[in-house]
Amino acid sequence: MSSLLIKNITIVNSDYSFKANVLFEDGRVLQISDKPIESNAKVYDGTEKYLIPAGIDPHVHLALPTPAGPSCDDFEMGSKAAIAGGTGALIDFVTPKRGQSLIEATKERQKETEASEIPVKLHVGITWWDDSLDAEIESLFKDYGIKTFKVYMAYLDNIGLEVPQMHKAMKSIAKHGGMMALHAELGIEIMKLHYEFRQKDRLAAFNHPWTRPANVEFEAVQKALMLVEFTKCPTYFVHISTAESVQMIREAKAKGLPVFAETCPQYLLLDDEKYNGPFSQVAPFIMSPPLRRKEDQEALWEGLKDGTIDTISTDHCPFTMKQKSAGINDFTKIPNGVGGIYHRMGLIYTYGVLENRISLNEWIKLCSSNAAEIFDFENYGKIEEGEDAPVFIWDPEPEEVIGDSQPFSNADTNVYKGLKIKGKAINISEL
Ligand code: URP
Ligand code: ZN
C-alpha cells in the first residue's frame, strides 16, 4: 500500500479553492483537512502549488485514418502526452466506413484504445444513414456505454451527413437518450467553394480558409439549432470558432434548448494571419474550421466566461510535414488537424487564468469538470474525500517557450511554437 501526504497545498475545484493537507492511499483521497494530519506517509510540500482534478480532453483523433495515413500519434503516445500535461481522460472517435455496422466499427476502435494509459471514451460517428441504424444506436447506448454520436455536416463526400439524414439520426439519438456531437460546417457550401477555387487554379495552401468562411460555420449552427428545436436532441457543438456561433448558442441556451459547446486553444490563441505565406509555413495550420479573426477570439473568451461555451478540447489530430505534403499542389488534399493534448492545460492556465480572462476555478470547470458531467466520467472533475479520481499537482512556477516539437508526439511542427507557457503538471504517482 503506498501513501502520500501532501501538505499545505491549494485544492482547486470548479467552484471553490482552499488550502489543505491531503492524505492519499493507493491513489485515493483518504483525508482532506486544514489541520495537521498524523500519518507515516511520505510527505510532499505543496506550498505555492495547486492540487487539481485531472483534465479531460473530450475531443481527440488519435491514429485517425486519412488518405495521407493515420494522424501521427496513436493511443499510447497521445495518452502519454495527456499524463505529462495534466490530463487524465480522453474522448476519441469511431469513424465507421459508409455501410459498415456502427457496432462492428466501435468494437474495432475499442481494441485500439487498449494501448492508452488512461481511460478513453468514444464518440461514435454516424457517417451514413438508413433506418437499420436506429437499432444499432439503441444497442450502442444500452450495451456498449456509448452516449455521444458524432455527425459531420462537412466532409459530405466521405463521412458527412446531408441535413435530412442528420434529422433522422437526431430523432433516433434523442429517442434512445443519447447526445449528438456535431461538426457544424455546411458541407455543400464548402464543396461549391472548392469547385470554384479549383476552376480558378487557386490551390495553394493559403486558400484553405477562404473556402470555409465564418458563415459556413454559423449557418450550419443555425440549421442545427432548428433541428434541435424540432427533435429535442441534446447536441454538443464541437470546436466552435466564430463570434456569430457563440451568440446563436447563447440564445439557444437562454431558450432552454439542450445544447452544449466546445472550443479549442487554437481558436482562442491563434488567428488567420497564420495563413499568409508559402506551403511550409501555412500547412501546419490547416485545420477545419480554420483559424479566425482576433475579434472571434474575444467572443470565444466571453462565451467561456458566461457559460455559453462549456468545454475546451484540443481536437488533437496532428500530421507530420511529410503527411501534410500530400496537398502541396492542392490544399484540399492537406490532411486537416493540429496537435495540442500536452499543452492544453498549460495554455489555458497561462492565457486564461494568468491573463485574468477566467478564474482558477473556471479553468478546472472548462478543462475538466464540465466534460466530466456532460460525458459521465464518474469521480472525475472534483477533489473530495473518498474519491479515487486522478488528480495532478500544478506547479505554477516553471516557464517554457514552446518549440518546434510537441513532447510525446510524432509531429514535427507545433502551431503554438513561440508562445510562452507557465506552469507544469506533476503526476502524483511519480512522487
Ligand atoms: O481539422 C480538424 N479539425 N481535423 C480533425 C477532424 C475534424 O474535422 O474534427
Ligand atoms: Zn475533430
Side-chain angles (χ1 to χ4, degrees), residues 56-74 78 90-96 109 120-127 148-161 180-187 189-191 194 205 207-209 211-212 216-217 220-221 224 235-242 245 260-268 270 272 274-275 282-292 311-320 323-324 326-327 331-341 344 371 375 409 411 413-416:
I56 299 174
D57 189 339
H59 181 164
V60 301
H61 301 272
L62 297 166
L64 173 76
T66 79
S71 55
C72 66
D73 294 336
D74 60 11
L90 302 169
I91 314 185
D92 202 283
F93 294 81
V94 182
T95 313
R109 193 70 171 156
V120 178
K121 290 197 188 220
L122 293 168
H123 305 293
V124 175
I126 301 182
T127 53
T148 34
F149 296 87
K150 174 87 178 276
V151 171
Y152 296 86
M153 295 175 83
Y155 312 128
L156 287 183
D157 50 353
N158 48 35
I159 54 172
L161 288 191
M180 175 172 69
L182 185 66
H183 179 133
E185 281 189 304
L186 289 180
E189 289 304 315
I190 297 165
M191 282 174 121
H194 277 178
N207 288 295
H208 168 79
T211 61
R212 306 180 98 101
V216 159
E217 179 184 279
V221 169
T235 297
Y236 175 85
F237 288 91
V238 299
H239 51 46
I240 284 302
S241 65
T242 68
S245 303
F260 303 92
E262 164 199 282
T263 192
C264 313
Q266 56 269 37
Y267 302 115
L268 292 164
L270 308 175
D272 53 7
K274 299 288 186 199
Y275 295 123
V282 169
F285 296 90
I286 298 297
M287 66 189 91
S288 295
L291 298 173
R292 305 293 187 190
T311 60
I312 301 173
S313 76
T314 55
D315 198 4
H316 184 95
C317 190
F319 294 92
T320 61
Q323 291 178 295
K324 293 259 181 193
F331 72 87
T332 65
K333 296 192 168 58
I334 302 173
N336 282 207
V338 304
I341 292 178
R344 181 183 67 129
F375 301 111
S409 173
T413 58
N414 189 335
V415 292
Y416 302 109

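Indexing begins at 1, ligand by ligand and atom by atom, following the structure's order. The analysis underlying the following values was restricted to heavy atoms, covering all of them including side chains, and did not include hydrogens, waters or symmetry mates.
Qualifying side-chain contact (heavy atoms from CB on, under 4.5 Å) partners for Asp74, counting only residues two or more places apart in sequence or in other chains: Ala63, Glu76, Met77. With sequence neighbours left out, Glu262 forms a salt bridge (Lys or Arg N to Asp or Glu O under 4.0 Å) with no residue at all.
His61 pairs with exactly one of Thr314, Asp315, Asp92 by the side-chain hydrogen bond (donor to acceptor under 3.5 Å, both in side chains) rule, that one being Asp315.
Near the Zn ion (ligand 2), less than 2.8 Å away, sit the protein N, O or S atoms His59 NE2, His61 NE2, Asp315 OD1.
Side chains of Gln266 and Tyr416: a donor-acceptor N/O pair is present below 3.5 angstrom, by distance only. In this structure, a donor-acceptor pair under 3.5 Å is present between the side chains of Thr311 and Tyr236. Side chains of Ser241 and Arg292: a donor on one and an acceptor on the other come within 3.5 Å.
Side chains of Val124 and Phe93 form no contact here, defined as non-hydrogen atoms less than 4.5 Å apart. Side-chain contact check for Pro290 versus Arg212: some heavy-atom pair is nearer than 4.5 Å.
Residues of the protein with a heavy atom under 4.0 Å from ligand 1 are His59, His61, Tyr155, His183, His239, Met287, Ser288, Asp315, Cys317, Asn336, Gly337, listed by chain and number.
Atom-to-atom distance recorded for Arg109:CZ and Leu62:CG is 7.0 Å, nearest 0.5 angstrom.
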